[in-house]
Amino acid sequence: MNKKKKIIIITSIIIILIIAFKIGYSYLVNKNKTYSSVDDFNDIKELVNYYNCEYKGIKNSKEENYTKDIYIIFSEDPITEDGNSNKNFYENLISLISAKMEEKNYRIIDENKNLTIRVKFDEEGKVGYTINNYSNYFENLKSLYSINNEKKDSSISSNITSKELQNIISNDWIRRISTLGEKTSSCDNYDIYWNNGYKIKTINDQIFNIIFLSNYQGEVLQGITVGMTAEQIKSVLGEPTYADNSEIEVIGYKLDNIYIFFSDREISVYRSDEYNEEDNKKFASLMTKLNKDKDYNSFLSELTSIYSDYSEYVQETNYVNIKYPLRGFEINFGQGFNNGITIYNNYQGNITEDITIDDVKNNKQLPANTYINLERNLVFDEELERLNNDLINRNYYDTEELKKGEFAVSSKYVVYYDNIYNEYIFYAVDKNNPDFEIRVQNTTGIYKLTDELFVYGVANDGIYVIDTNNMNTSKIANDNGNCIIDRVENNVIYYDNTSITVSYN
């Protein structure tokens, strides 16, 4: 090898090393670079690589109304094997790329995953996108995943031994003709029959839910009483159809005509909805009409005429949520995702005039405005929501609101005020006493006097005491002032620069 060739080879090696060093240095700099805004990215390639995606290149778009096609390989699948959506990941990347595109429509193409994302800007510069021509692509993926992983609810056989429950069932769950006993109080839409050991929630004169409380005497099912452990219940009824251990341990079963759930010293029973073909046809026709005319107001009005037994109806500005647990569906409008009807695994019949729930399961055929969640039973979800709310209501934090009299706490009760219905709501901390509500208007705050007694003021009226032992209210001071209680100490109530001493046995 002559000297000239050696020089060329050495020079080439040096150049290669310099290039490699620059690449490595650049990688290390970018790897450790802190990004606080989209402006910190030099270009789309750097942005895509930051998200651990592979940048393949950018070309003029082959499709009309789009300026560029950006070819990448996404580092995440749209949905995981466990059914979790990566919608946020995709939308974050779309949002950042859009900021670099200066309001010019473009496409993102992943040939490996067979994805084409079309991104458009409206007149105000807001970004909208579709994936493979679907605006609700991720929601549809979740629905298809749910169909493929449908949870089939099996039924068990057991004898109902509770005379009260037998009476309710024999009277078709109609409250006015069922033998219930004497109501002692009401709370959170439940009528409480404390001396009988249960409470009920009624929707349109039909009992929706009956809960057997800790003081209920006797069996509910054969061999099953309130207060049994989960393991004791399983030894009698077998493995549960429903189970959740997130906050409160709860297990449940489906019988031919009821759902029954077991949790902390309670047995909760819901009736199982009987399929009505005529009503279902009306509903399917209504869904078909909605998919054509998009008249949501008309839909909601007619829906509640067909099915008036919803458990929840929340309507706010540009938002509506209606739940039908026994029928297995809920309606959402205006929440930004899953707008339309969500079907759960206890749904029966047609969804639209030409598509049944079985068509969806077998052919994976999704009607417009329809989302599927066949992994969940809406009755079980209703029970979980009830239990979680109950847990929240019976717990409290020592906050400034407590000091200001916005709620009160003793060893027996937590008391909140409902501004909508002007009611003080008393929740028994250990469930060994009945919950109850007392309507009070113009109240100025409530405080604990003893474990059983609470005091509150009413503007331009006076000071009152509530005795939780008998749920009675008595007035202890007349006053036309503000009646704002400052504090309660040693049986003395201080209010409006004056005070009153309370004596009690």
Side-chain angles (χ1 to χ4, degrees), residues 118 120 122 128-147 150 203-206 208 271-379 381-382:
R118 293 173 172 84
K120 285 188 174 183
D122 64 15
Y129 73 90
T130 64
I131 299 181
N132 294 352
N133 294 318
Y134 288 100
S135 59
N136 53 353
Y137 178 79
F138 291 99
E139 289 78 6
N140 284 345
L141 279 185
K142 287 283 289 183
S143 292
L144 291 172
Y145 177 89
S146 179
I147 293 169
E150 177 188 3
I203 299 176
N204 288 337
D205 198 37
Q206 268 198 306
F208 171 72
R271 76 176 193 271
S272 180
D273 182 50
E274 292 184 7
Y275 174 66
N276 184 303
E277 186 174 0
E278 184 177 347
D279 286 345
N280 178 251
K281 285 182 178 179
K282 293 178 183 178
F283 173 74
S285 176
L286 192 60
M287 279 296 298
T288 301
K289 181 174 177 290
L290 173 67
N291 290 339
K292 290 179 181 178
D293 63 21
K294 312 296 183 186
D295 188 346
Y296 302 116
N297 292 326
S298 174
F299 172 82
L300 293 172
S301 175
E302 294 182 52
L303 171 66
T304 51
S305 295
I306 299 170
Y307 296 136
S308 57
D309 57 345
Y310 46 84
S311 68
E312 186 174 327
Y313 192 136
V314 178
Q315 186 165 12
E316 300 173 356
T317 305
N318 300 322
Y319 172 73
V320 174
N321 172 251
I322 310 176
K323 288 183 180 179
Y324 292 91
L326 303 184
R327 301 187 184 280
F329 74 92
E330 68 175 314
I331 300 294
N332 287 289
F333 293 131
Q335 66 177 3
F337 60 93
N338 286 20
N339 283 302
I341 179 174
T342 300
I343 301 290
Y344 294 81
N345 72 10
N346 56 313
Y347 185 86
Q348 301 178 68
N350 277 59
I351 301 172
T352 61
E353 290 176 331
D354 55 351
I355 300 178
T356 69
I357 184 63
D358 289 331
D359 292 331
V360 170
K361 293 177 182 179
N362 297 328
N363 304 323
K364 300 179 176 55
Q365 184 179 1
L366 292 174
N369 299 306
T370 303
Y371 305 91
I372 307 297
N373 193 349
L374 300 183
E375 302 165 87
R376 306 291 303 180
N377 181 295
L378 195 52
V379 178
D381 282 3
E382 178 81 6

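Heavy-atom minimum distance, V360 versus P367: CG2-CD, 4.2 Å.
In this structure, CD on E353 lies 4.0 Å from OG1 on T288, to the nearest 0.5 angstrom. How far CZ of F208 is from OH of Y310: 13.0 Å, rounded to the nearest 0.5 Å. Taken to the nearest 0.5 Å, the CG atom of L374 stands 6.5 Å off from the CG atom of N345. To the nearest 0.5 Å, atoms CD (E139) and OG1 (T370) are separated by 13.0 Å. Note that CD1 of I322 and CD of Q315 are 7.5 Å apart. Values are rounded to the nearest 0.5 Å. Taking CD1 from I341 and CE from M287, the interatomic distance works out to 5.0 Å, rounded to the nearest 0.5 Å.
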Practice task
Applying side-chain contact (heavy atoms from CB on, under 4.5 Å), run through F299 and K294 and close with a yes or a no.
Solution key: CA-CA 9 Å; F299 172 82; K294 312 296 183 186; over 6 Å; no
Practice task
Report the C-alpha separation of V320 and Y313 in whole Å, then their side-chain angles, then the decisive distance to 0.1 Å, and conclude whether the side-chain contact (heavy atoms from CB on, under 4.5 Å) test is met.
Solution key: CA-CA 7 Å; V320 174; Y313 192 136; 4.2 Å; yes
Handout entry: Verdict with supporting geometry, Y137 and L141, side-chain contact (heavy atoms from CB on, under 4.5 Å)
Key = CA-CA 6 Å; Y137 178 79; L141 279 185; 3.4 Å; yes
Practice task
Would you check, one step at a time, whether the test side-chain contact (heavy atoms from CB on, under 4.5 Å) holds for Y344 with N377?
Solution key: CA-CA 6 Å; Y344 294 81; N377 181 295; 6.0 Å; no
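Partners of K323 according to the salt bridge (charged side-chain N to carboxylate O under 4.0 Å, His left out) rule, which considers only residues two or more places apart in sequence or in another chain, are E385. Considering only residues two or more places apart in sequence or on other chains, D309 meets the side chain to side chain contact (heavy atoms under 4.5 Å, CB included) condition with I203, R271, Y307, Y324, R327.
For the side chain to side chain contact (heavy atoms under 4.5 Å, CB included) with Y134, the qualifying choice from N136, T130, I131 is N136, the only one to do so.
Using a 4.5 Å cut-off on side-chain heavy atoms (C-beta onward), Y319 and V314 make contact. No side-chain heavy atom of L366 sits less than 4.5 Å from a side-chain heavy atom of Y371. Residues L300 and I331 form a side-chain contact, since some pair of their non-hydrogen atoms from C-beta on lies under 4.5 Å apart.
Put simply, the side chain of N339 gets close to the backbone of G334: a donor and an acceptor are under 3.5 Å apart. Looking at T304, its side chain does come within 3.5 Å of a backbone N or O of S301 through a donor-acceptor pair. Using modelled atom types, no side-chain atom of N350 and backbone atom of N280 make a donor-acceptor pair closer than 3.5 Å. At least one donor-acceptor pair under 3.5 Å links the side chain of N276 to the backbone N or O of E278.
With hydrogens and angles left out, the side-chain atoms of T356 and D359 include a donor and acceptor closer than 3.5 Å.
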